[in-house]
Amino acid sequence: MALAKFSISILIICLTVCLNSMDTKAQSSQVTGIEGEQAPDFSLTDLIGNQVSLEDFRGNHVVIHIATTWCPFCNAEAPHLEQLNQDYEDKNVKVLIIDVKEPKDLVKTKLKDRFNLSFPVLLDSDGSVAASFAPEGVLPDLARDEVMLASNILIDPDGRIQFFSLLDSQNFDAKLVDLKAKLDELLASE
Amino acid sequence: MNYLPRNNILIFYFFILPFTAFAQVEERRFVELKSEPELRLAPGEENQLIVSFLIKEGYHIQANRVKDENLIPTKLSFESAEGFIIGDPVYPRADEFRMEGVKEPLAVFGDTLKIRVPVKTANTLEKQRAQIKGKLYFQPCDASKCYYPREFDFNLSIRVKQ
């Protein structure tokens, strides 16, 4: 009887350790509840000094890409974000890049000018806005703003998150195929 | 029904559970030394040291020469130490990493990164064991995500023999 109790205790402990270990690896299954949640509001300056907040875009679909200039995935997506902006600008869709922890001049030269971006690039100088989007418990071994690098978020006109690229972070989607599919679905249902 | 003896519950909550919580927040590591870099030299002698880094499975770091100027190149550097001349590191040939949406493959390092470093000692050096601080600056990525640039600090051990 004592042996059985001891074995059950060890089993429970092992299961707990294993589940916690899996938590650091598996990211996809942890953030399935994000869609439909209210997006955190923010207010950031753009490259010409204007204050821009998410609230300004209430009533629009908003595509947000969290970027840095040195991130090759972000650079690969930049031309496709610009194309998306042009293709959807008359469909009530706004595109934004939130650059994390980089100086204005660098972002202007290496992101805005290099990719000839016609939509606003906002400066999240301390990473707090990027961090505010990071789902709790996902990639706990990374800084919260770091979790969000190269992520895409789609927010509907009511301010609710409808697409979150961390949900499928194993498959890089430079051409934004999945995001556009979700956007088309939302636009078609209006 | 009480399967768990009280002592076991206490052990679980006070010893095991805090340990698992700690394990969760341990910072992710991308690079480690394959072995401690060490060299034996006579005064006035010159030789090459090979510093071997292991890049964790599933990750790569940007190479020392990047094709895209936006990217952050890997850089190995050493603190200066009296009596020792450390030359420019010689990096290996980079691997190619192909990414969807990008025509030109990225130049990256993965798996084992062996960097050769020329080291020369001054003629006047006496028998000693010197420790020189080294630093690898790198920006890691995996197949779908990139991470902030990081520094990996290590010690280079040089034994000066007579």
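Computation of the quantities below employed the complete heavy-atom set of this structure, encompassing side-chain atoms and omitting hydrogens, waters and symmetry-equivalent molecules. Here is how names work: the chains are called A, B, and so on, in the same order as the sequence lines, proteins then strands, and each is numbered from 1.
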Checklist entry - Which members of residues 97-113 of chain A, sorted by number, sit under 4.5 angstrom from chain B on a heavy-atom basis? => result A/Val100, A/Lys101, A/Lys110
Checklist entry - Should A/Leu187 and A/Phe119 be regarded as members of a common hydrophobic cluster, given that ILVMFWY residues are connected when their side-chain heavy atoms come within less than 4.5 Å of each other, either directly or indirectly? => result yes
Checklist entry - More than 12 non-hydrogen atoms from neighbouring residues, nucleotides or ligands closer than 6.0 Å to CD on A/Gln51, yes or no? => result yes
Checklist entry - Would you find more than 12 non-hydrogen atoms of other residues, nucleotides or ligands less than 6.0 Å from A/Lys94 atom NZ? => result no
Item to check | B/Arg28 and A/Glu146: CA distance, side-chain angles, deciding distance, salt bridge (Lys or Arg N to Asp or Glu O under 4.0 Å) verdict | outcome: CA-CA 12 Å; B/Arg28 187 176 301 201; A/Glu146 189 170 31; over 6 Å; no
Item to check | Separation of B/Leu71 CG from A/Trp70 CH2 (nearest 0.5 Å) | outcome: 10.0 Å
Checklist outcome for this item: Residues passing the side-chain hydrogen bond (donor to acceptor under 3.5 Å, both in side chains) test with A/Ser118, sequence neighbours excluded, are A/Glu82, A/Asn85
Checklist entry - Among A/Ala143, A/Pro79, A/Cys74, A/Pro72, which has the most heavy-atom pairs under 4.5 Å with chain B? => result A/Pro72
Next on the checklist: Does B/Asp88 have more than 12 heavy atoms from other residues, nucleotides or ligands lying within 6.0 Å of its CG?
Outcome noted: no
Checklist entry - Do B/Gln139 and A/Thr68 come close enough that some side-chain heavy atom pair is under 4.5 Å? => result no
Next on the checklist: Please check if the number of heavy atoms outside B/Lys120 that lie under 6.0 Å from its NZ is greater than 12.
Outcome noted: no
Next on the checklist: Looking at B/Arg29, I'd like to know if its CZ atom is crowded, meaning that more than 12 non-hydrogen atoms belonging to other residues, nucleotides or ligands lie closer than 6.0 Å.
Outcome noted: no
Checklist outcome for this item: Interatomic distance, OH@B/Tyr148 vs CG@A/Leu149, rounded to 0.5 Å, equals 5.0 Å
Next on the checklist: A quick test of your reading: do over 12 heavy atoms of other residues, nucleotides or ligands sit less than 6.0 Å from NZ of B/Lys114?
Outcome noted: no
Checklist entry - chain A heavy atoms under 4.5 Å from B/Leu106: which part of the residue, side chain, backbone, both or neither? => result side chain
Next on the checklist: Can you confirm whether more than 12 heavy atoms, excluding those of B/Lys161, are under 6.0 Å from its NZ atom?
Outcome noted: yes
Item to check | salt_bridge(B/Glu69, A/Arg114) N-O dist < 4.0 Å | outcome: no
Item to check | B/Glu82 atom CD, over 12 foreign heavy atoms within 6.0 Å | outcome: no
Checklist entry - Does B/Lys145 reach the main-chain N or O of A/Val147 with its side chain, forming a donor-acceptor pair under 3.5 Å? => result yes
